[in-house]
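Just below is one structure, and these are the notes that go with it.
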Amino acid sequence: MAENKGLTPRGEDFNAWYNDVVLEAELADYSPVRGSMVIRPWGYGIWENMQKGLDGLFRDTGHENAYFPLLIPMSFIEKEKEHVEGFAPELAVVTHAGGKELEEHLAIRPTSETIIYHMYARWVQSYRDLPILMNQWCNVMRWELRTRLFLRTAEFLWQEGHTAHATAQEAEAEALQMLNVYRRFMEEWVAMPPVTGMKSESERFAGAVRSHSCEALMQDNRALQAGTSHFLGQNFARQFDLKFQSEAGQEEYAWNTSWGVSTRLIGGMVLTHGDDVGIVVPPRLAPVQGVVVPIWRKEEEAVAVREKSDEVAARLKKTGVRVKVDGRGHLTPGAKFWEWERKGVPLRVEIGPKDLAKEQVVLVRRVTSGEEPRKEFLPEAQAVAEMPGRLEAFQGALLQAARDRREANSHRGITDFGQLQEIMDGPGGFVYTGWSGDPAVEERVKAETKATLRVIPDPEFRSATAPTRCIGGGDAKMEVVWAKAY
RNA sequence: CGGGGUGUGGCGCAGUCCGGUAGCGCGUCGGCUUUGGGAGCCGAAGGUCCCGGGUUCAAAUCCCGGCGCCCCGACCA
């Protein structure tokens, strides 16, 4: 494939590549307000497909959608001590409205635990009112000092699930269940396989008892926290008086969880699959899974070619493929090829006069794996029939490639601090070591290597042999994963 | 919030040192020819040179002061 114009190659400057590719693929654009962005139709279409996938999984696990307001009384935010300390630096606050200063200032939600548990308290009297399993799709605002398109913006779109339960066990199970939902979604839709596990104290959500996380490894070997699920214990229930009468007639505080993923997932998708030509969108997320490009020379040909293109598109639509015919007359086929590749459409169907004569189409993959040809000449009927299967295979190949890359860049059994430092100074990636649980070790690692403790991995991600030595010296109590993070 | 860079038609840039008609490429619009990997020719439109002040006969250019944006670091989904 020829070199792409306009995009900084990944190898030259990865961050510049990321910015270029997000803008050039028309996912998003900068807005006039620093730190906020406009999500353009192509990017928003991907987000809508993410929403559909996640929403289905939420419903399958018994959750309902609702909507809570954008503005939260400052006094609410201030109720939970850790919560306010965690979010105060990045709060945006409405102080004036209707031409005068407000008696009580209103925070623009950075997350909605406080308002939601306040409302739950009104709705719950008895254990019979539990559990409450709710989710909302909304925007939130965190006044970040340093922002990046999709990865960290002042305003972003997300979903936040909030549940209330009668017992701690049930709430803990919920937090783990949703972590697993996220994991499945990231694997099966985004083709971005995370390592799941628990956060250390220092990385825990402000106000949570325990935070669980999905950590994905990007192409530049930095970790992206792609989704989190929190067991909140009774911390918020106590502050918001969320109580119920138990079966035994006792008054008890409810147990809560909250969990969220955001448009950051789009950034993760770009950083996982993109190449020097543009982004690559996994078929399940692609607003257009197959683009049909008609090719002609003379007007007489154009009519027949367009007709055939529409016909093939209609037949593809019937097989459930999201398809678009690019019949624009002022662009050459080559220009269209580049454009749709830059935007990451998985498969392309080319139909020209030669194909009409042979009753064939040309099928081109955005990326290939193994011995797959990039371009194939197939009988029209076969191409149509095989398209859904090929999209599935494409989806699977992306996941496999991402998983292989993650494992190839995971360094296990590291016991020596110098080795950890060497990896972080060099190639980077996930580094598995033992840890005593002492925060001072985290601080030392961060200070000397810039890596942070991403996650205490769940059993299936742990190394075959449990480490015995802590990376900071002494005995290990657990295995942990270090990486430089986004 | 510190360090660096940058601000000139929609986009990318030159011009700034050394003041003197605001230019180039891409894109856009119109016409004709084109279309199997980023089309060609002809014509056209499009600019408070980031903002404010100052110096000067004259400022994109020199001086002073502001602002925006991007990148790099400290904090974060």
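What you see is a predicted model, and the numbers here were worked out from it, not measured in a lab. Order of the sequence lines fixes the chain letters, A, B, ..., with proteins taken first and strands second; residue numbering starts at 1 for each chain.
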Salt bridge (charged side-chain N to carboxylate O under 4.0 Å, His left out) partners of residues 9-21 of chain A, not counting sequence neighbours, each pair once: A:Arg10-A:Asp276
Nearest-neighbour nucleotide for the A:Lys446 side chain, B:C75, B:C70, B:G36 considered: B:C75
Stepwise side chain to side chain contact (heavy atoms under 4.5 Å, CB included) test for A:Met37 and A:Glu155: CA-CA 8 Å; A:Met37 66 172 176; A:Glu155 180 188 358; over 6 Å; no
Which nucleotide in B:G37, B:G36, B:C70 has an atom nearest any side-chain atom of A:Lys375: B:G37
Span that lies between the P atom of B:C62 and that of B:C17, in whole angstrom: 5 Å
Distance, P atom - from B:G15 to B:A74, rounded to whole angstrom: 35 Å
Near-ring test A:Phe156/A:Trp47, centroid separation under 6.0 angstrom: no
B/S/- contact track for nucleotides 7-14 of chain B, protein heavy atom under 4.0 Å: --------
A:Arg184 and A:Glu188 ion-paired at < 4.0 Å: yes
Secondary structure string for RNA chain B (Watson-Crick or G-U under 3.5 angstrom, | for other-strand pairs): ((((((((.[[[[.)....(..]]]].((((((.....)))))).....[[[[[..)....]]]]])))))))....
SB check A:Arg59 A:Glu64 (cutoff 4.0 Å): no
Charged N-O contact under 4.0 Å between A:Glu341 and A:Lys343: no
Min side-chain heavy-atom separation A:Met50-A:Leu265 under 4.5 Å: yes
OP1 or OP2 of B:C70 under 4.0 Å from side-chain N/O of A:Asn19: no
side-chain hydrogen bond (donor to acceptor under 3.5 Å, both in side chains) partners of A:Arg365, counting only residues at least two apart: A:Glu372, A:Glu376
side-chain hydrogen bond (donor to acceptor under 3.5 Å, both in side chains) involving A:Thr449 - partner list, sequence neighbours excluded: none
Touch class at under 4.0 angstrom, heavy-atom based, for A:Gly260 against every strand present: nothing
Side-chain N,O (A:Arg146) to OP1/OP2 (B:C75) below 4.0 Å: no
First encountered from the 5' end of RNA chain B, between A:Thr147 and A:Arg348: A:Arg348
Nearest-nucleotide pick for A:Pro353, side chain only, options being B:G36, B:A74, B:C75: B:G36
Interatomic distance where NZ belongs to A:Lys484 and C1' belongs to B:G73 [whole Å]: 13 Å
First of A:Val362 and A:Ala226 reached from the 5' end of RNA chain B, by closest nucleotide: A:Val362
Are any protein N/O atoms closer than 3.5 Å to N/O atoms in nucleotides 27-35 of chain B? If there are, list each pair with its distance.
unit_1	atom_1	unit_2	atom_2	d
B:U35	OP1	A:Arg297	NH1	2.7
B:U35	OP2	A:Arg297	O	3.4
B:U35	O2'	A:Trp296	O	2.8
B:U35	N3	A:Trp296	NE1	3.3
B:U35	O4	A:Trp296	NE1	2.8

Distance-only donor-acceptor test (3.5 Å): side chain A:Arg374, base B:G37: yes
Whole-angstrom distance between B:G46 and B:C29, as gauged at atom C1': 10 Å
Test: A:Glu48 and A:Lys52 ion pair at under 4.0 Å: no
Sugar-phosphate only, base, or nothing, as touched by A:Asp13 at under 4.0 Å among non-hydrogen atoms: nothing
Sugar-phosphate only, base, or nothing, as touched by A:Thr153 at under 4.0 Å among non-hydrogen atoms: base
Aromatic ring of A:Trp158 stacked on base six-ring of B:A77, 5.5 Å, 30°: no
Options B:A74, B:A77, B:C71, nucleotide nearest the side-chain atoms of A:Ser262: B:A77
A:Glu311/A:Lys308 salt bridge by N-O under 4.0 Å criterion: yes
Distance flag, aromatic centroids of A:Phe76 and A:Phe240, threshold under 6.0 Å: yes
Touch class at under 4.0 angstrom, heavy-atom based, for A:Phe156 against every strand present: base
